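Working notes, beginning with the structure itself.
The shown structure was predicted, so the numbers you read here are calculated from the model rather than taken from an experiment. Reminder, nothing fancy here: chain letters follow the sequence lines and each chain counts from 1.
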Number of protein chains: 2
Amino acid sequence: MRNEFGEYVRQARERLRKRDAGFSVRKLAERVGLEPSYLSKIERGLQAPPSAEKIALLAEKLGDDPDVLLALAGKVSDDLLEVIRKRPALFGRIIRELRDLPDHAVLRVVREVRDGEW
Amino acid sequence: MRNEFGEYVRQARERLRKRDAGFSVRKLAERVGLEPSYLSKIERGLQAPPSAEKIALLAEKLGDDPDVLLALAGKVSDDLLEVIRKRPALFGRIIRELRDLPDHAVLRVVREVRDGEW
DNA sequence: TGTAGCGTGTAGTATACACTCTACACATGA
DNA sequence: TCATGTGTAGAGTGTATACTACACGCTACA
């Protein structure tokens with residue numbers, strides 16, 4: 001597996017760092033609750049991504065979408081899993097049904113559900 | 001955590017066993033590729049549910065919906081995770097949008113997607 | 001020139017996961 | 001009575017996950 005996650009975090013962090021010195025490895029690590037050396041290794045792909053909890057924090061601090069960051073780590077947000085686990089047959093069906101649709105079509109479904117009276 | 005998974009498996013197995021002697025703990029375990037004592041403990045809740053792979057096999061042998069059995073084990077099928085990981089922002093949105101709808105409404109969406117031209 | 005902050009290398013750890021192996025007591029049927 | 005099948009008990013194992021602790025060398029700057 002390539003190091004998409006680490007590279008992404010490093011880029012996001014360094015971009016922010018140009019304007020804010022609080023985005024050094026050490027400072028960010030501390031704000032997320034990790035050892036700096038651990039975060040450093042994660043960014044360079046010498047360590048697998050951290051737990052979902054830490055990834056969510058990381059996304060928050062970096063101003064990123066947690067779902068996207070989790071996906072880069074090969075994970076899925078627990079609240080989504082919860083939804084599926086509660087009604088597995090139903091959500092299994094709908095997700096597989098939507099799987100092959102292009103983005104714009106799925107978005108149309110999102111909008112219809114949000115706006116319509118269901 | 002209660003032992004929903006184990007109880008469910010035991011019930012399904014014993015139901016089938018009335019008609020087919022191939023559904024003893026030993027025989028089923030062998031067909032799924034597990035040690036009988038392990039399966040026995042799983043059924044009685046002394047062991048956590050097995051891996052997703054084994055659960056899928058178990059569902060197959062028992063004639064059950066793998067999504068449902070996985071959910072009882074607190075897991076989600078990997079092919080569904082894959083769908084979400086590929087387009088995390090999009091599927092995050094739609095799943096959360098559908099979360100609070102009642103079954104019949106979600107089913108209507110399923111049908112609309114399946115039949116309609118999207 | 002000291003000291004503060006920086007990224008990073010090496011080593012180690014605690015916990016959970018997903019099992020296996022062997023052996024036992026009991027029941028049934030030939 | 002002997003073989004076969006049954007469920008189960010107890011102990012142990014290998015691997016992955018998710019980290020921490022600490023030390024090193026570099027750079028900026030006061």
Side-chain angles (χ1 to χ4, degrees), chain A residues 1 3 5-59 61-62 66 69-70 72-78 81, chain B residues 1 3 5-59 61-62 66 69-70 72-78 81:
Chain A
M1 206 197 282
N3 179 30
F5 179 82
E7 280 169 23
Y8 186 92
V9 170
R10 173 146 292 193
Q11 276 188 24
R13 188 179 58 75
E14 293 193 330
R15 199 174 339 107
L16 288 164
R17 210 198 168 183
K18 283 178 190 155
R19 308 220 140 240
D20 183 345
F23 285 91
S24 69
V25 169
R26 286 180 121 92
K27 293 270 179 61
L28 180 60
E30 188 182 12
R31 287 202 284 154
V32 173
L34 295 174
E35 283 293 312
S37 65
Y38 183 42
L39 178 57
S40 168
K41 270 172 284 193
I42 288 165
E43 285 189 352
R44 288 170 297 135
L46 304 179
Q47 279 281 340
S51 64
E53 193 194 344
K54 304 294 184 181
I55 292 173
L57 271 169
L58 223 34
K61 304 302 178 193
L62 296 172
L69 212 56
L70 282 164
L72 284 174
K75 306 187 195 233
V76 170
S77 173
D78 209 54
L81 297 181
Chain B
M1 204 197 286
N3 179 30
F5 179 81
E7 280 170 23
Y8 186 93
V9 169
R10 172 145 292 193
Q11 276 189 22
R13 187 179 59 75
E14 293 194 329
R15 199 172 341 106
L16 288 164
R17 212 201 164 180
K18 283 179 192 157
R19 311 216 138 244
D20 183 345
F23 284 91
S24 68
V25 169
R26 287 178 121 95
K27 295 270 180 61
L28 179 60
E30 188 183 13
R31 289 203 285 154
V32 172
L34 295 173
E35 283 293 314
S37 64
Y38 183 39
L39 178 57
S40 169
K41 273 173 276 195
I42 288 165
E43 285 188 352
R44 287 171 297 136
L46 304 179
Q47 281 280 336
S51 64
E53 194 195 341
K54 303 295 184 181
I55 292 173
L57 270 170
L58 223 34
K61 305 302 178 193
L62 296 172
L69 212 56
L70 281 164
L72 284 174
K75 308 189 192 229
V76 170
S77 173
D78 208 54
L81 297 181

Handout entry: Considering all heavy atoms, the nearest A:Ile42-A:Pro50 contact
Key =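 Nearest pair, atom of A:Ile42 first, then A:Pro50: CD1-CD, 3.8 Å.
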Given atom [atom1] of [X] and atom [atom2] of [N], what is their separation to the nearest angstrom?
X: B:Leu39; N: C:dA18; atom1: CG; atom2: P; value: 15 Å
X: B:Glu53; N: C:dC17; atom1: CD; atom2: P; value: 18 Å
X: B:Arg44; N: D:dG7; atom1: CZ; atom2: P; value: 11 Å
X: B:Lys41; N: C:dC19; atom1: NZ; atom2: P; value: 13 Å
X: A:Glu35; N: C:dT13; atom1: CD; atom2: P; value: 16 Å
X: B:Leu34; N: C:dC21; atom1: CG; atom2: C1'; value: 14 Å
X: B:Ile42; N: C:dA18; atom1: CD1; atom2: C1'; value: 9 Å

Sub-3.5 Å pairs of nitrogen or oxygen atoms, protein against nucleotides 13-18 of chain D:
| unit_1 | atom_1 | unit_2 | atom_2 | d |
| --- | --- | --- | --- | --- |
| D:dA18 | OP2 | A:Lys75 | NZ | 3.3 |

Exercise for the section: With the side chain of A:Arg17 defined as its heavy atoms from C-beta on, choose the nearest nucleotide among C:dG7, C:dT8, D:dA11. Expected result: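 It is C:dG7.
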Handout entry: Nearest listed nucleotide, side chain of A:Arg10, among D:dT20, D:dG7, C:dT8
Key =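 Ranking D:dT20, D:dG7, C:dT8 by closest atom to the A:Arg10 side chain puts C:dT8 first.
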Mind checking whether [X] and [Y] have side chains closer than 4.5 Å, heavy atoms only?
X: A:Leu69; Y: A:Leu58; answer: yes
X: B:Val25; Y: B:Arg13; answer: yes
X: B:Leu81; Y: A:Leu81; answer: yes
X: B:Arg10; Y: B:Arg44; answer: yes

Problem - Nearest-0.5 Å distance that lies between atom CG in B:Leu28 and atom CG in B:Leu62 - result: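 Those atoms lie 5.5 Å apart.
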Exercise for the section: Give, for atom NZ of A:Lys41 and atom CD of A:Glu35, the distance between the pair rounded to the nearest 0.5 Å. Expected result: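 Output value for this atom pair is 9.5 Å.
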Practice task
Check whether NZ of the Lys or CZ of the Arg B:Arg15 lies under 6.0 Å from the centre of the six-membered ring of B:Phe23 and within 45 degrees of that ring's axis.
Solution key: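 The answer is no, since B:Arg15 fails at least one limit relative to B:Phe23.
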Practice task
Would you state whether a donor and an acceptor, one from the side chain of A:Ser37 and one from the base of D:dA21, lie under 3.5 Å apart?
Solution key: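 Such a pair is found, so the answer is yes.
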Exercise for the section: Mind running a 4.0 Å heavy-atom check of residues 19-30 of chain B against DNA chain C and sending the residues that fall below it, in number order? Expected result: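 Per residue number, the list is empty: none.
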Exercise for the section: Given side chain to side chain contact (heavy atoms under 4.5 Å, CB included), test A:Leu39 with A:Val32 step by step and report yes or no. Expected result: CA-CA 10 Å; A:Leu39 178 57; A:Val32 173; over 6 Å; no
